[in-house]
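Since the structure comes first, as structure tokens, the remarks are kept for the end.
All values derive from a computational prediction rather than experimental measurement. In each ligand, atom 1 is the first atom listed, and ligand 1 is the first ligand listed.
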Amino acid sequence: MVHAVVATAYGGPEVLSLIDVDPGAPGPGQVLLAVHAAGVNPTDWKTYTGAYGTDAARLPLRLGSEAAGTVLAIGPDVDDVSVGDEVIAYRAPGAYAEQLIVRAANTVPKPPSLSWEKAGGLLLAGSTAMHAVTATRVGTGDTVLVHGASGGVGSMVVQIARSRGARVIGTAGRANHEYVMDLGATPVVYGPGLADRVRAAAGGVVDAAIDTVGTNEALDVSVAVVHDRKRIATIAGFAHGAALQVQVLGNGPGADPGTEIRNAARRKLVDLVVAGRLDVRIAATYRLADAARAHRAGLAGQANGKMILLP
Ligand SMILES: NC(=O)c1ccc[n+]([C@@H]2O[C@H](COP(=O)([O-])OP(=O)(O)OC[C@H]3O[C@@H](n4cnc5c(N)ncnc54)[C@H](OP(=O)(O)O)[C@@H]3O)[C@@H](O)[C@H]2O)c1
């Protein structure tokens with residue numbers, strides 16, 4: 001038996017428990033991982049706080065979506081992954097666990113230069129960012145507005161857009177402006193007057209906007225400064241984004257899941273890391289048993305970077 005985190009009810013982080021589970025044996029096309037690091041993402045708490053419904057039949061809920069670890073066993077029909085390989089897994093449902101079965105196709109090799117912590121927090125935010133940058137056709141010479149430039153997804157958007165030759169203006173709280181500058185973007189503070197600050201920072205046309213925050217402000221400012229709504233995307237403001245007829249990306253009614261783009265992004269993200277063009281900022285690490293503490297920090301907006309669970 002191994003430890004795994006589950007939500008035993010719908011509610012706040014107090015519903016999380018560490019329980020014993022049988023990891024099982026990998027079936028066809030699957031591998032068993034010893035998890036060394038699991039990334040924490042807002043979707044993890046949205047799973048049990050009611051954002052995705054409160055169907056009692058789904059309880060207890062396993063948590064987590066991404067992990068980095070060592071392959072302990074492989075199932076039939078697995079050709080390109082071997083026992084002992086160090087890999088990063090996304091999509092990896094139930095990743096808050098000491099051991100986990102994932103599809104071999106959902107793993108990519110972990111480069112030795114990438115720490116377990118950074119590997120565990122790379123792929124969910126990174127593939128979402130790649131989807132947003134691709135959907136808005138960000139390329140050389142563009143000026144791009146990124147809402148939430150200091151966040152898990154936003155910081156990836158900034159770095160990928162910069163690697164494509166774009167200029168980036170990024171919204172962030174004042175405490176994160178130095179970090180946003182280090183990423184290569186011009187920081188602007190969010191709040192009243194944002195559109196004017198963005199226009200002043202741009203000094204000309206803003207070609208595209210990517211919202212990773214989901215406030216009405218972020219979307220309203222985006223449509224005020226970007227002419228072409230096909231070049232505006234949100235990953236968090238689903239209802240207002242749909243009303244404004246901008247691109248709504250992710251898993252939700254009417255949203256574009258971008259499955260192929262996101263799956264193909266996994267190897268591209270690792271390549272960018274190896275090339276020194278992409279980094280993951282770690283806010284803090286927590287033991288698996290302290291997942292609720294990590295979630296409280298996330299819900300309070302206190303994490304500057306990715307939080308990582310270490311089984
Ligand atoms: N659709 C999808 O496929 C998909 C995928 C991944 C994530 N998401 C969603 O995207 C959102 C962001 O995820 P994340 O992992 O990047 O979260 P995160 O790391 O917590 O980042 C959130 C960022 O929002 C900024 N922020 C907070 N309040 C703000 C405000 N009023 N105005 C502007 N910015 C503000 C924060 O900046 P400061 O700290 O500098 O203030 C922070 O950097 C979440 O809602 C998540 O569920 C969606």
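In the vicinity of Gly250, heavy-atom distances shorter than 4.0 Å reach the ligand 1 atoms 1 (N), 2 (C), 3 (O). Every atom of ligand 1 is numbered from 1 in the order shown, and the set under 4.0 Å from a heavy atom of Gly173 is 38 (P), 40 (O), 41 (O). Applying the 4.0 Å criterion to heavy atoms of Ala172 picks out, from ligand 1, the atoms 40 (O). Listed by number with element, the atoms of ligand 1 under 4.0 angstrom from any heavy atom of Thr212 are 10 (O), 11 (C), 12 (C). Here is the list of ligand 1 atoms found below 4.0 Å of a heavy atom in Gly152: 16 (O), 18 (P), 19 (O), 21 (O).
Closest heavy-atom approach to atom 33 (C) of ligand 1 within the set Trp45, Phe238, Tyr190: this belongs to Tyr190. Compare Asp44, Ile235, Asp256 by their heavy atoms: the one nearest to atom 48 (C) of ligand 1 is in Ile235.
Arg231 places a side-chain N or O within 3.5 Å of a backbone atom of Thr136 that can act as its donor or acceptor partner. No donor-acceptor pair under 3.5 Å is formed between the side chain of Asp207 and the backbone N or O of Val144. The backbone N or O of Ala161 sits nowhere less than 3.5 Å from a side-chain atom of Arg164 that would complete a donor-acceptor pair. Of the possible polar contacts, one joining the Glu14 side chain to the Gly12 backbone as a donor-acceptor pair under 3.5 Å is found.
At the top of the distance list for atom 47 (O) of ligand 1, counting protein heavy atoms only, stands Lys46 NZ, 2.7 Å. Scanning all protein heavy atoms for the shortest distance to atom 23 (C) of ligand 1 gives Gly151 CA, 4.1 Å. Considering only non-hydrogen protein atoms, atom 39 (O) of ligand 1 sits nearest to Asn176 ND2, 3.3 Å. Nearest protein heavy-atom contact of atom 20 (O) of ligand 1 is Pro42 CG, 4.6 Å. Nearest protein heavy-atom neighbour of atom 16 (O) of ligand 1: Val153 N, 2.9 Å. When hydrogens are left out, the protein atom nearest atom 37 (O) of ligand 1 is Ser150 OG, 3.2 Å; that is the closest non-hydrogen contact.
Contacts of His131 with ligand 1, taken as heavy-atom pairs under 4.0 Å, are absent altogether. Contact annotation for Leu124 and ligand 1: only side-chain heavy atoms (C-beta onward) come within less than 4.0 Å of the ligand. The part of Arg262 lying near ligand 1 is the side chain, judged by heavy-atom distances below 4.0 Å. Using a 4.0 Å cut-off between heavy atoms, Val213 contacts ligand 1 through its side chain alone, with no backbone atom that close.
The side chain to side chain contact (heavy atoms under 4.5 Å, CB included) test with Val198 singles out one residue from Val226, Thr143, Val188, and that residue is Val188.
By the 3.5 Å distance cut-off applied to N or O atoms, Leu249 is counted among the residues near ligand 1.
A side-chain donor-acceptor contact under 3.5 Å links Tyr96 and Asp44.
Within the 4.0 Å heavy-atom shell around ligand 1 one does not find His147.
Within the cation-pi definition used here (under 6.0 Å to the ring centroid, within 45° of the axis), Arg281 qualifies as a partner of Tyr179.
Going from atom CD1 of Ile88 over to atom CD of Glu66 covers 9.5 Å, rounded to the nearest 0.5 Å. Atom CG of Asn41 and atom CG of Leu63 lie 11.5 Å apart (nearest 0.5 Å). Summarising the geometry, atom CD belonging to Glu117 is positioned 14.0 Å from atom NZ belonging to Lys306; distances are rounded to the nearest 0.5 Å.
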Q | Worked verdict on Lys268 versus Asp271 for salt bridge (Lys or Arg N to Asp or Glu O under 4.0 Å) | A | CA-CA 5 Å; Lys268 293 180 187 168; Asp271 289 346; over 6 Å; no
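The aromatic rings of Trp45 and His295 sit perpendicular to each other, their planes meeting at more than 60°, with 30° as the lower class boundary.
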